[in-house]
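Note that these values count all heavy atoms, side chains included, but never hydrogens, waters or copies made by symmetry. Residue numbers start from 1 in every chain, and the chains themselves are labelled A, B, ... in the order their sequence lines are given, proteins ahead of strands.
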Amino acid sequence: MSEIRDVRIKKRQELMDAGMNPYGKKFLKTHTIESFLKVFEKDLEVSLTGRMVLLRGHGKTLFADIKDETGKVQTYFHKDILGSENMDFVKKLDVGDIIGVKGKAFLTRTGEPTILIESFEILSKSLMPLPEKFHGLKNQELRVRQRYLDLIVNDEVRERFKFRSQMIQKTRQYLESLGYMEVETPMMHDVAGGAAAKPFITHHNTLDLDLYLRIAPELYLKRLLVGGFEKVYEINRNFRNEGVSPRHNPEFTMLELYAAYGNYEDMMKITEDLIVHLVQERDPSMVLKWGDHSLDFSTPWKRVSMKDAVKDHTGVNIDTVNLKELSAKYGFDDSHKMTRAGLLAHIFEEEVEKTLINPTFVIDFPTELCPLSKTHPHDPTLSERFELFIGGQEIANAYSELNDPVEQKRRFQDQIDLREGEDGYSIDEDFVNALEYGMPPAGGLGIGIDRLAMLLTGVVNIREVILFPQMRKDGSTS
RNA sequence: GGGGGCAUAGCUCAGUUGGCAGAGCACCACCCUUUUAAGGUGAUUGUCGAAGGUUCGAAUCCUUCUGCCCUCACCA
């Protein structure tokens with residue numbers, strides 16, 4: 001129905017014809033709505049801006065709720081104050097219009113702080129109707145495809161994205177306070193490394209060069225350790241050409257940080273400290289509701305080896321169990337390269353991950369699953385690596401970084417052999433070369449920022465913490 | 001990619017056994033000078049996601065397609 005739009009286009013023209021610009025310019029406001037409400041005082045002269053979200057006509061007057069980034073306030077257009085000519089302009093206003101107002105504060109009979117408008121400007125005439133005032137916008141698809149409407153109408157959505165921004169801001173402050181330096185490394189890689197994932201492929205025309213959108217910044221950040229920076233971090237996007245799900249978006253935000261001369265124990269401490277710091281500000285009780293779960297962030301967090309986690313949960317002792325029996329049970333057949341380590345990881349993912357609701361560090365990963373990690377000094381089959389699980393999801397992943405170039409190259413080659421024939425996988429020779437110059441021992445950590453934001457805001461779908469998550473092409477008009 | 005569910009007015013939603021496509025809000029007109037999802041009177045509002053099929057007759061049954069949600073697989 002374009003009738004509403006037609007009516008508004010007509011009003012737009014009538015405003016212009018009457019000399020009132022419906023798309024105004026810079027407007028100086030004295031307060032945000034939040035700050036106005038805080039300092040409210042009768043007869044205070046203020047100017048405010050906002051979008052009209054609710055109109056209540058009342059004879060020769062009009063109440064309009066206007067909303068800015070910080071809140072909502074009632075305004076009052078009165079014919080006796082504005083005069084009949086201005087009141088004609090008021091009749092051309094609609095829900096959705098963005099206006100600037102000047103006026104005097106007062107309290108209505110019922111005690112509502114209100115601005116008695118002395119003058120106003122139309123800063124943007126809205127042509128499209130907003131979603132319904134009471135039920136708002138619920139349609140999942142529209143909420144994402146037209147996120148701007150979601151943000152206008154659904155306050156809790158706007159608050160959630162504000163929180164996400166503050167969470168990242170606090171993370172930066174925390175890391176800076178520990179002496180970490182933020183860096184930016186390439187998004188376009190000629191070798192897709194640092195994680196096991198399918199990359200997106202793109203092409204540089206002038207250089208005639210196929211490039212991969214990065215799947216992880218890891219190998220570049222470690223080059224910086226070689227270069228002599230001792231504490232670096234990066235918060236930015238990774239791109240993985242894989243399925244979309246309530247927990248996966250093709251582009252997602254990752255914090256990676258590296259500390260020279262440290263190890264994965266340091267990373268465990270920094271992970272716990274950072275997340276506890278963020279949770280504490282959210283809710284000092286340290287317990288957050290998340291979906292059907294309640295997450296208890298009280299320290300110290302549980303630590304369990306992968307072997308023990310599997311043993312405790314399934315009774316399977318991976319070192320003594322009959323492999324054939326077990327692989328049959330878990331759907332492994334001869335076509336898989338079945339090893340005890342591979343099977344352990346498989347059972348862990350199938351049976352254990354989803355049960356790790358309160359924060360749990362899983363440690364002592366089999367080395368063959370950790371191509372970038374140092375091994376335990378006393379047991380080379382295990383690596384100095386942990387993954388942090390909260391709410392059954394992997395939130396963080398960290399190692400004592402492997403800094404032996406010869407061993408690193410051998411492990412890369414093993415990975416390539418496993419993925420024989422697949423495109424996009426090759427050894428980052430320059431990274432190995434960098435290691436040959438000497439990288440200090442280091443702890444390295446990655447934290448999934450979107451998932452952390454999910455936990456801290458209580459939502460179970462990643463698209464609720466990503467402003468514009470990936471969607472298919474809109475099929476509604478075809 | 002596999003399996004299940006959903007798609008009706010700008011928004012939120014009803015729609016019985018296949019029998020004239022509905023409500024609330026929004027919009028429009030009129031009334032109303034402190035309302036609070038204001039109120040009152042009246043009017044308008046549709047490619048029932050798309051294309052086929054069955055039928056005297058399809059929003060409703062069948063097929064295909066598109067999109068969204070859930071789930072499995074890949075993965076963080």
Determine the contact category for A:Arg463: base if any of its heavy atoms lies under 4.0 Å from a base atom, sugar-phosphate if only primed atoms, P, OP1 or OP2 are that close, otherwise nothing. sugar-phosphate

The residue among A:Met254, A:Arg172, A:Glu256 that forms side-chain contact (heavy atoms from CB on, under 4.5 Å) with A:Ile235 is A:Arg172

For B:C61, what is the paired nucleotide under Watson-Crick or G-U wobble rules, both distances under 3.5 Å? B:G53

Are A:Lys374 and A:Glu384 close enough for a salt bridge, meaning some N to O gap below 4.0 Å? no

Need one value for A:Glu112: base, sugar-phosphate or nothing, where a base atom within 4.0 Å counts as base even if backbone is also close, heavy atoms only. base

Tell me if a side-chain donor or acceptor on A:Asn86 pairs with a main-chain N or O of A:Gly83 at a distance below 3.5 Å. no

With sugar-phosphate meaning primed atoms plus P, OP1 and OP2, does A:Met471 contact a base, only sugar-phosphate, or nothing at under 4.0 Å between heavy atoms? sugar-phosphate

Between A:Ile395 and A:Val244, which has a closest nucleotide on RNA chain B that is more 5'? A:Val244

Looking across every strand, which nucleic acid part, if any, lies under 4.0 Å from A:Gly243 by heavy atom: base, sugar-phosphate, or nothing? base

Consider only side-chain N and O atoms of A:Thr457 and A:Arg282, and report whether a donor and an acceptor are under 3.5 Å apart. no

Using a 4.0 Å heavy-atom cut-off across all strands, classify A:Asn249 as base, sugar-phosphate, or nothing. base

Side-chain N,O (A:Lys138) to OP1/OP2 (B:C6) below 4.0 Å: no

Would you classify A:Thr110 as touching base, sugar-phosphate or nothing, given that sugar-phosphate means primed atoms plus P, OP1 and OP2, and contacts are heavy atoms under 4.0 Å? base

Rounded to whole Å, how long is the line connecting atom CD1 of A:Ile235 with atom P of B:A76? 20 Å

Using the C1' atom as the point on both nucleotides, what is the distance between B:C70 and B:U64, in whole Å? 23 Å

For A:Phe252 and B:A76, are the ring centres under 5.5 Å apart with planes inclined under 30°? yes

With nearest nucleotide decided by heavy atoms, which residue, A:Arg240 or A:Asp80, maps closer to the 5′ end of RNA chain B? A:Asp80

Nucleotide B:G49, atom C1' - distance to CG of A:Asn139 in whole Å: 12 Å

Counting the atoms with a prime plus P, OP1 and OP2 as sugar-phosphate, which does A:Glu251 contact under 4.0 Å by heavy atoms, base, sugar-phosphate, or nothing? nothing

